[in-house]
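No experiment lies behind these values; they were computed from the predicted model shown. Whatever order the structure lists them in is the order used to number ligands and atoms, beginning at 1. Index from 1, following the sequence.
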Amino acid sequence: MTTPGDITQLYTEARPKSKAWYARATATLGGAVGHDVRHFEPVPMYIARGQGSRKWDVDGNEYIDFLLGNGALLLGHSPPEVVEAIQRTLVDGTHFGNDHPLHIEWGEVVKQLVPTAEKVRFVNSGTEATLLALRLGRAFTGKSVVVRFEGHFHGWHDGVVHGFQPPFDADGSLGVPPQVWDSFVTAPANDLDSLDEILSSPDSDIAAAIIEPSGASWGRIPIDPGFLRGLRELTKKHGVVLIFDEVVTGFRFSPGGAEQLFGITPDLSCFAKIVAGGMPGGAVSGGDEIMSLFDFSGDAVHDRHQRVVHQGTFNGAPLSAAAGVAYLKQIATGEPTKSADALAAQLRETFEDVLERHGIAGYVYGISSTFHVFFETDVAAAARASRRSDLHTADPQKLKGMSGELISRYQLHLRHHGVDNMSSTGGVLSSVHTQKDIEEATDAFEKTVVALAGEKLILKL
Ligand code: PMP
């Protein structure tokens, strides 16, 4: 029987080179990492190589990958057609500062896949995509306030950084000017009455509503599709621009994203991750009318004062465009989505089976090619449940409220057993995960929950 300390020690002992890199990173990088969620004790992961559904760290430890480039890699690591497209493009130059044919082809394939995309504008990340979409929404309506939903993530710029983590009324970061609070309203998701009240208020000045159509954090707080339909109707009624943040769901939930899966039509959509085929990139798409805000007319007053300004050195950069086109062409066949969805459904079932066999107070959920695990750690709530299904909740405070200690121990155990997932307790699948991956990941999950129950971090019913 291992003790909690043993696992930490075993984990560290298996990662001597990672430890050395961590020391160098600590001396060199702000916060020692490049993204807050890469912060991890006792030692962050330093990956040397990825192939298909797996990746290897600098110490040679192998992982089944459910992080997949933060959700970017629906086709797994290094699909040969994509690598080849990048190599082919690379020899002609990495960057021109001018437009080029692949940029236009990239836009055409986005238009082909996304039902509402009449025009596309490329950016460099999901954060840039939501920043630009909010500017378009404000420009189109001439209003300034944005409705966002509790727990939904839209990147790290000032306008969206509050309201992501509970408590939702606290600052999301230091360094954000206090007047930013006046530029948005945080609404509870799945509550049409409260949304109606916000949008009907005569002096609300609402320009746009932005939402993750999967529900917050790629579905960690699930959303009722009926709410999305109601949101569409109410925003239309009040002349509010509806923005779907499809940074994770785009080209994953279906080849045309969540809008196609749910049959709901936003005014603007934000993409990143899959859209650029594993390279940096993002996009905003929408109908001709709203996207015409970028147009030049030749009239000096119009062009100086009456359009939306958007620059960016690397917008539509050749290597991202090459990867994006190659990737999206494969996604257009529908096969990658089908395989990834089926594998994820299977994984959710085998993980559920583990929780059932061990009587763990928790459950597995998710749609499309995602999975999430919720552990009920409130003793009184667990005691009230006679079956695990009684634990199902839609409460954002609960679903986003598992302790940091639980999540990092969960990740430590899983990584120790050769599985990496997203920043919380869930992950995403690719079209190239295998039956062996599912079996091995389920085995690692079982060892993890047994250990966590032993550490009293999760409860049994
Ligand atoms: N929106 C959503 C829904 C996201 O999940 C993310 C990234 N996880 C972003 C926006 C920000 O994207 P990026 O990290 O590319 O800036």
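Residues satisfying the side chain to side chain donor-acceptor pair (under 3.5 Å) criterion with S368, sequence neighbours excluded, are D341. Every residue meeting the salt bridge (Lys or Arg N to Asp or Glu O under 4.0 Å) condition with R88, not counting sequence neighbours, appears here in chain and number order: E84.
Between the side chain of H95 and the backbone N or O of T313, at least one donor-acceptor pair lies under 3.5 Å. The closest donor-acceptor contact from the side chain of T186 to the backbone of E150 lies at 3.5 Å or more, if one exists at all.
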Pairwise, report which nitrogen or oxygen atoms of ligand 1 are under 3.5 angstrom from protein nitrogen or oxygen atoms, and how far apart they are.
unit_1: ligand 1; atom_1: 1 (N); unit_2: F153; atom_2: O; d: 3.3
unit_1: ligand 1; atom_1: 1 (N); unit_2: D245; atom_2: OD1; d: 3.2
unit_1: ligand 1; atom_1: 1 (N); unit_2: D245; atom_2: OD2; d: 2.7
unit_1: ligand 1; atom_1: 8 (N); unit_2: K273; atom_2: NZ; d: 3.0
unit_1: ligand 1; atom_1: 12 (O); unit_2: G126; atom_2: N; d: 3.4
unit_1: ligand 1; atom_1: 15 (O); unit_2: G126; atom_2: N; d: 2.8
unit_1: ligand 1; atom_1: 16 (O); unit_2: G126; atom_2: N; d: 3.4
unit_1: ligand 1; atom_1: 16 (O); unit_2: T127; atom_2: N; d: 2.8
unit_1: ligand 1; atom_1: 16 (O); unit_2: T127; atom_2: OG1; d: 2.6

Under 3.5 Å, side-chain donor or acceptor atoms of residues 255-267 against the rest of the protein: list the pairs with distances, not counting sequence neighbours.
unit_1: E259; atom_1: OE1; unit_2: T116; atom_2: OG1; d: 2.6
unit_1: E259; atom_1: OE1; unit_2: S269; atom_2: OG; d: 3.4
unit_1: E259; atom_1: OE2; unit_2: T116; atom_2: N; d: 2.9
unit_1: E259; atom_1: OE2; unit_2: T116; atom_2: OG1; d: 3.2
unit_1: Q260; atom_1: OE1; unit_2: S254; atom_2: OG; d: 2.9
unit_1: Q260; atom_1: OE1; unit_2: G256; atom_2: N; d: 2.7
unit_1: D267; atom_1: OD1; unit_2: R232; atom_2: NH1; d: 3.3
unit_1: D267; atom_1: OD2; unit_2: R232; atom_2: NH1; d: 3.3
unit_1: D267; atom_1: OD2; unit_2: R232; atom_2: NH2; d: 3.1
unit_1: D267; atom_1: OD2; unit_2: L242; atom_2: N; d: 2.8

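In this model, no donor atom of one side chain and acceptor atom of the other lie less than 3.5 Å apart for E41 and Y11.
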